[in-house]
Number of protein chains: 2
Amino acid sequence: MALDHAILVSLLEKPGSGYELSRRFERSIGYFWTATHQQIYRVLKRMEHDGWIDVRDVPQQGRPDKKEYSVAAPGRAALSEWLHEPVEPESVRHDLAVKIRGAAFDDPTALIREVERHRQAHADRLAHYLAGEQRDFTDPGADAPLDAGQELQHVVLRGGIAYERMTIAWLDDVLATLNRLHPAP
Amino acid sequence: MALDHAILVSLLEKPGSGYELSRRFERSIGYFWTATHQQIYRVLKRMEHDGWIDVRDVPQQGRPDKKEYSVAAPGRAALSEWLHEPVEPESVRHDLAVKIRGAAFDDPTALIREVERHRQAHADRLAHYLAGEQRDFTDPGADAPLDAGQELQHVVLRGGIAYERMTIAWLDDVLATLNRLHPAP
DNA sequence: GATGACATGTAACTAGTTACATGATTGG
DNA sequence: CCAATCATGTAACTAGTTACATGTCATC
């Protein structure tokens, strides 16, 4: 189970509340793991109960108070143990590919619009990632070189960028194939 | 829910048993959806109960008898309905990326071996896909051009190939980054 | 008679999704 | 006062995983 570990890594990078974690899962963590706030609050409660993380009430001005979570020693040990275990190469789940093969048994016109919609969504994500890369990982020069944690975050982001570029190119291939099979009038 | 629909598409391509479906999910369907035999038998039972698929007992020589499933009209209608609904661009789940960011808080040496293991697994999958492409989608000439269904299967396979190539290149980037951060003695 | 591929299932558990619910605080 | 963002949760359901279980048939 990697949601526990994804949360532990995120809290090690920076302690935060359940709400803040759910924001991060929409942003930087989102390109390698997803989770809703319901899942996050449930896991935080369990990890707190198990002593993996500590909680601190943080009063705030201008916004509701929050609970700030940070990783405790047992949580760090659990993460370290998991990091040393092998995990299986992840299984892909791709609804769109099911639809593409299903199009052989249906009118493919609706599928073209769907593929175009997905292409747009991936192009948007790519632009978002590239903006983040520009913002967070532009080398500031020899005075303040990126540290190891930043280098690792950057290489993961490069994976997200490569994934989006590959996907966009593939969706173009899909569109060309669909148009070849079903030429527009 | 796409497992139902993935099974329907596969049964439309060719009727078969639960066992055969679980083989297909290890092969061609495996690069866009995964399922274990337990899941498959459960879903087949439900779809049969709902009248989406028909069953036929097939006695065999040389091996145990089997149940052959094929898609019934209501199943085809349900698939068609789903094909016309938009689906959200899929969420990525990538344990390895969690581990890479986690490596900032742990010794990265073990991670290098893990990344190399994943690289090998993806290289094996790529070789497997390329062999399948060679076998199934080599243009036999104008006498027997590929039909629409085959073209669609091929473009999905090209997606799997592009994914594996992209992943291998990214894992090389990851290894280079890890070695830069932690030079071997 | 053992192993391995073929074939089909049940039970219990874990993870993920969807729907519902509440309340603070700011800015228009 | 209304909408938006921040903030935290519960309940019910659906999907996916892991462990267990049984039996056929061919080959060595």
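Letters A, B, ... mirror the listed sequences (proteins, then strands); counts begin at 1.
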Check side chain to side chain donor-acceptor pair (under 3.5 Å) between B:D172 and all other residues, then give those that pass, not counting sequence neighbours. B:R119

Not counting sequence neighbours, which residues clear ring-ring contact (aromatic ring centres under 6.0 Å, His included) with A:H122? List them please. none

Enumerate the residues from residues 35-43 of chain A whose closest heavy atom to DNA chain C is under 4.0 Å, giving them by residue number; use none for an empty result. A:Q38, A:Q39, A:R42

All side chain to side chain donor-acceptor pair (under 3.5 Å) counterparts of B:R46, not counting sequence neighbours: B:D4

Assign each of B:R23 and A:L3 the nucleotide of DNA chain C bearing its closest heavy atom; nearer the 5' end lies the nucleotide of B:R23

Among all residues two or more places apart in sequence or in another chain, which pass the side chain to side chain donor-acceptor pair (under 3.5 Å) test with A:S17? none

Please figure out whether A:D4 or B:G18 has its closest DNA chain C nucleotide nearer the 5' end. B:G18

Give A:T34 one of three labels, base, sugar-phosphate or nothing, depending on what nucleic acid heavy atoms sit under 4.0 Å from its own. nothing

If you look only at pairs with a residue in residues 7-28 of chain A, which of them pass as a ring pair (Phe, Tyr, Trp, His ring centres under 6.0 Å), with sequence neighbours excluded? none

Under 4.0 angstrom between A:Y19 side-chain N/O and D:dC6 OP1 or OP2: yes

For residues 71-88 of chain A, dump all side-chain donor-acceptor pairs below 3.5 Å to protein atoms at least two apart in sequence or in another chain.
{"unit_1": "A:S80", "atom_1": "OG", "unit_2": "B:D106", "atom_2": "OD2", "d": "2.8"}
{"unit_1": "A:H84", "atom_1": "NE2", "unit_2": "B:D106", "atom_2": "OD1", "d": "2.9"}

If you take any heavy atom closer than 4.0 Å to DNA chain D, which residues from residues 51-71 of chain B end up in contact? B:G62, B:R63, B:P64

Starting at CG of B:L21, measure out to CD of B:E26 and round the result to the nearest 0.5 Å. 11.5 Å

Can you list every ring pair (Phe, Tyr, Trp, His ring centres under 6.0 Å) pair that touches residues 146-176 of chain B, not counting sequence neighbours? B:H94-B:W170, B:F137-B:H154

Counting only pairs under 3.5 Å, give me each side-chain donor-acceptor contact of residues 63-70 of chain A, with atom names and distances, residues two or more places apart or in other chains.
{"unit_1": "A:D65", "atom_1": "OD1", "unit_2": "A:Q60", "atom_2": "N", "d": "3.0"}
{"unit_1": "A:K66", "atom_1": "NZ", "unit_2": "A:E20", "atom_2": "OE2", "d": "2.7"}
{"unit_1": "A:E68", "atom_1": "OE1", "unit_2": "A:R56", "atom_2": "NH2", "d": "3.0"}

Of all nucleotides in DNA chain C that come within under 4.0 Å of a heavy atom of chain A, which is furthest toward the 5' end and which toward the 3' end? C:dA15 to C:dT26

By salt bridge (Lys or Arg N to Asp or Glu O under 4.0 Å), which residues pair with A:E13, not counting sequence neighbours? B:R101

